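Written below as structure tokens is the structure these notes are about.
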Amino acid sequence: MKRVLAFLISLSVFITCMSGLTASASDYDEQRRQYNSQSGIDCNYYGNKIVFIDSHKEKLILRNGLKGKAKKSKKSISSATVSVAYYKDYVFYIDEHTGYLKRYSTKNHKIKVIAKGDINSFLIACKRVVYFKFDPYGAKSNGLYECKLNGKGKRRITKKEPSQMYSYKGNLYYKEYDVAAVKRYNFKKKKSYKVLKNGALKTMQVFAMEGKMLYLLKFKGDYNSVYRLDVSSKKLKKIGDYGTGFGQFLVKDGVLYAYASDGIFDTYATIYRYERDIGKLMDFTGWYLPSYESKARHYGLNLGFYKDKIITDEYKNNYPTGRFFDVEKI
């Protein structure tokens, strides 16, 4: 009896630990998809599928995996931004011609208008809800909005436009421009709360989130800084400084990555990795992107996620091709 009881206790502990690991992986996966939909990677993924909108040819391309055969939409689809959110069987995008938020079904290939207006900004999808931002240039309808996947229940969350936004444990974390506070919007209560109010936050913008860690950039002109906020303990910590020559940032496993180019299109870029022990951005030579002249393809200098990989995109003749290449396995 004691052996049986001991076995049951061990099994219970194992299941609890495994469920905790699964939840953590799920949180990371959703945040990484949300990162893709707000970055310059020009694609988003769900499960093992990658979606890409070729605005030059006005086609939506769906691939099984990075190198899978491309399935193109039969209808004309063009996106005004790189922001593409893929959730369940739906692809959400902002129509280039109207500025409307639209939904494309990968099952019946139908297109539905989700929200009208000059949206022309970033969007993410999570927990059966779509979050999107209206154009910040003088419109009375500026701010962050939510609606259901079918467009119903549209609700305005903020009156100012936020920077990037990420979900974590039933909340959407965001920061409005020129506001000295990080906030969270609770999915169930439909209310916003201040996570941290700090004068230093006014000039910061959110650029990534991994688990409970929210990452922000503070702009100072020629010399900028990276900060990390623990949304549970509400502790804000400066990670390090970097020069303005750096472009897109990405975080994986608590390590910060960034790229820096020579400023000339179709040439080269070097990827840098932030070393926590040293406290500055260090050259990570394993991520050297080859020049256009050395190969018949040009990498887009954008970083994103696909399942257990960090990926970059391919360009030809100044247009993205819809193909992506893995840079490193996570």
Side-chain angles (χ1 to χ4, degrees), residues 24-41 44 82-83 122 124 126 131 133 144 161-169 171-185 194-220 223-260 271-282 284 287 302-305 310-312 327-328 330:
S24 176
S26 176
D27 287 342
Y28 276 53
D29 182 73
E30 184 166 287
Q31 289 170 344
R32 285 168 178 170
R33 283 191 283 113
Q34 292 167 4
Y35 177 91
N36 279 14
S37 70
Q38 300 176 94
S39 69
I41 194 63
N44 202 3
V82 298
S83 192
F122 298 129
I124 66 170
C126 62
Y131 293 91
K133 302 185 290 183
L144 177 63
E161 194 211 10
S163 50
Q164 291 190 25
M165 48 194 168
Y166 294 90
S167 63
Y168 176 68
K169 290 191 175 180
N171 294 280
L172 184 75
Y173 290 86
Y174 64 94
K175 188 204 164 292
E176 298 162 276
Y177 287 105
D178 298 322
V179 175
V182 169
K183 299 179 181 180
R184 66 179 176 88
Y185 178 76
K194 288 182 180 178
V195 177
L196 178 66
K197 186 177 180 180
N198 188 318
L201 290 169
K202 188 173 182 179
T203 56
M204 293 188 192
Q205 292 182 17
V206 173
F207 72 91
M209 189 172 192
E210 191 174 57
K212 64 179 182 178
M213 297 297 181
L214 192 70
Y215 291 83
L216 304 102
L217 298 177
K218 183 178 179 66
F219 300 100
K220 300 178 182 178
Y223 200 70
N224 301 321
S225 302
V226 181
Y227 286 77
R228 182 175 62 216
L229 172 64
D230 185 326
V231 298
S232 296
S233 66
K234 301 182 180 180
K235 290 183 179 179
L236 181 67
K237 181 180 180 181
K238 182 178 177 180
I239 296 178
D241 298 307
Y242 70 99
T244 55
F246 292 98
Q248 185 184 351
F249 287 84
L250 175 149
V251 176
K252 74 121 181 151
D253 299 334
V255 179
L256 176 67
Y257 294 85
Y259 76 77
I271 303 302
Y272 290 80
R273 180 174 65 188
Y274 170 76
E275 297 289 353
R276 284 169 290 187
D277 298 335
I278 302 173
K280 62 181 180 179
L281 288 168
M282 298 295 292
F284 182 32
W287 278 16
N302 299 311
L303 303 176
F305 294 102
I310 291 177
I311 60 174
T312 186
V327 176
E328 184 179 72
I330 300 173

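The analysis underlying the following values was restricted to heavy atoms, covering all of them including side chains, and did not include hydrogens, waters or symmetry mates. Just so you know, these numbers come straight off a predicted model, no measurement behind them.
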(message) Could you report the tightest heavy-atom contact between Val82 and Gly40, atom names first, then the distance?
(response) CG2-CA, 4.1 Å

(request) Supply the atom-to-atom distance Lys133 NZ to Met165 CE, rounded to the nearest 0.5 angstrom. (result) 5.5 Å

(message) Which heavy atom of Cys126 sits nearest to which heavy atom of Tyr131, and what is that distance?
(response) SG-CE1, 3.8 Å

(request) Supply the atom-to-atom distance Leu214 CG to Tyr166 OH, rounded to the nearest 0.5 angstrom. (result) 8.5 Å

(message) For Lys212, give me all partners under side-chain contact (heavy atoms from CB on, under 4.5 Å), at least two apart in sequence or on another chain.
(response) Tyr168, Asp230, Val231, Ser232

(request) Report yes or no: does Asn36 contribute a side-chain atom to a donor-acceptor pair with the main-chain N or O of Phe305 at less than 3.5 Å? (result) yes

(request) Check side chain to side chain donor-acceptor pair (under 3.5 Å) between Gln38 and all other residues, then give those that pass, not counting sequence neighbours. (result) none

(request) Quick one: list whatever passes ring-ring contact (aromatic ring centres under 6.0 Å, His included) with Tyr173, sequence neighbours left out. (result) none

(message) To check you understand the geometry: which heavy-atom pair defines the closest contact between Leu201 and Val182, and what is its length?
(response) CD1-N, 3.9 Å

(request) Output all residues satisfying salt bridge (Lys or Arg N to Asp or Glu O under 4.0 Å) with Lys218, sequence neighbours left out; order by chain, then residue number. (result) none

(request) Return the minimal non-hydrogen interatomic distance between Ser167 and Gln31, and the atom names on each side. (result) O-NE2, 3.2 Å

(request) Quick one: pull up NZ in Lys183 and CG in Leu196 and give me the separation to the nearest 0.5 Å. (result) 12.5 Å

(message) With a 4.5 Å cut-off on side-chain heavy atoms, are Val195 and Asn171 touching?
(response) no

(message) Tell me the closest heavy-atom pair linking Leu216 and Val206, and the distance in Å.
(response) CD2-CG2, 3.9 Å

(request) Please list, chain by chain and in numerical order, all residues satisfying side chain to side chain donor-acceptor pair (under 3.5 Å) with Tyr174, sequence neighbours excluded. (result) Ser192

(message) Taking side-chain contact (heavy atoms from CB on, under 4.5 Å) as the definition, give me every residue that meets it alongside Phe219, ordered by chain and number, with sequence neighbours left out.
(response) Gln205, Leu217, Asn224, Tyr242

(message) For Ile310, is there any backbone N or O sitting under 3.5 Å from a side-chain donor or acceptor partner on Lys252?
(response) no

(message) Would you say that Ser163 contacts Tyr177 through its side chain, given a criterion of any heavy-atom pair below 4.5 Å between the two side chains?
(response) yes

(request) Kindly write out the residues that satisfy side chain to side chain donor-acceptor pair (under 3.5 Å) with Ser225, not counting sequence neighbours, or none if the list is empty. (result) Lys220, Asp241

(message) Please check this pair: side chain of Glu161 against backbone of Glu176, looking for a donor-acceptor N/O pair closer than 3.5 Å.
(response) no

(request) Can you measure from CG (Asn198) to CE (Met204) and round to the nearest 0.5 angstrom? (result) 7.0 Å

(request) Search all heavy atoms of Leu303 against all heavy atoms of Ser39 and return the closest pair with its distance. (result) O-OG, 4.0 Å

(request) Using the salt bridge (Lys or Arg N to Asp or Glu O under 4.0 Å) rule, collect all pairs that involve residues 194-211, keeping only residues at least two apart or in two chains. (result) Arg32-Glu210

(request) Name all residues meeting the side chain to side chain donor-acceptor pair (under 3.5 Å) criterion together with Tyr215; count only those two or more places apart in sequence or in a different chain, and write none if there are none. (result) none

(message) Could you measure the distance from the OG atom of Ser233 to the CE atom of Met213? Nearest 0.5 Å is fine.
(response) 6.5 Å

(request) To the nearest 0.5 Å, tell me how far Arg184 CZ sits from Lys169 NZ. (result) 12.5 Å

(request) State which residues pass ring-ring contact (aromatic ring centres under 6.0 Å, His included) with Phe207; sequence neighbours excluded, sorted by chain then number. (result) Phe249

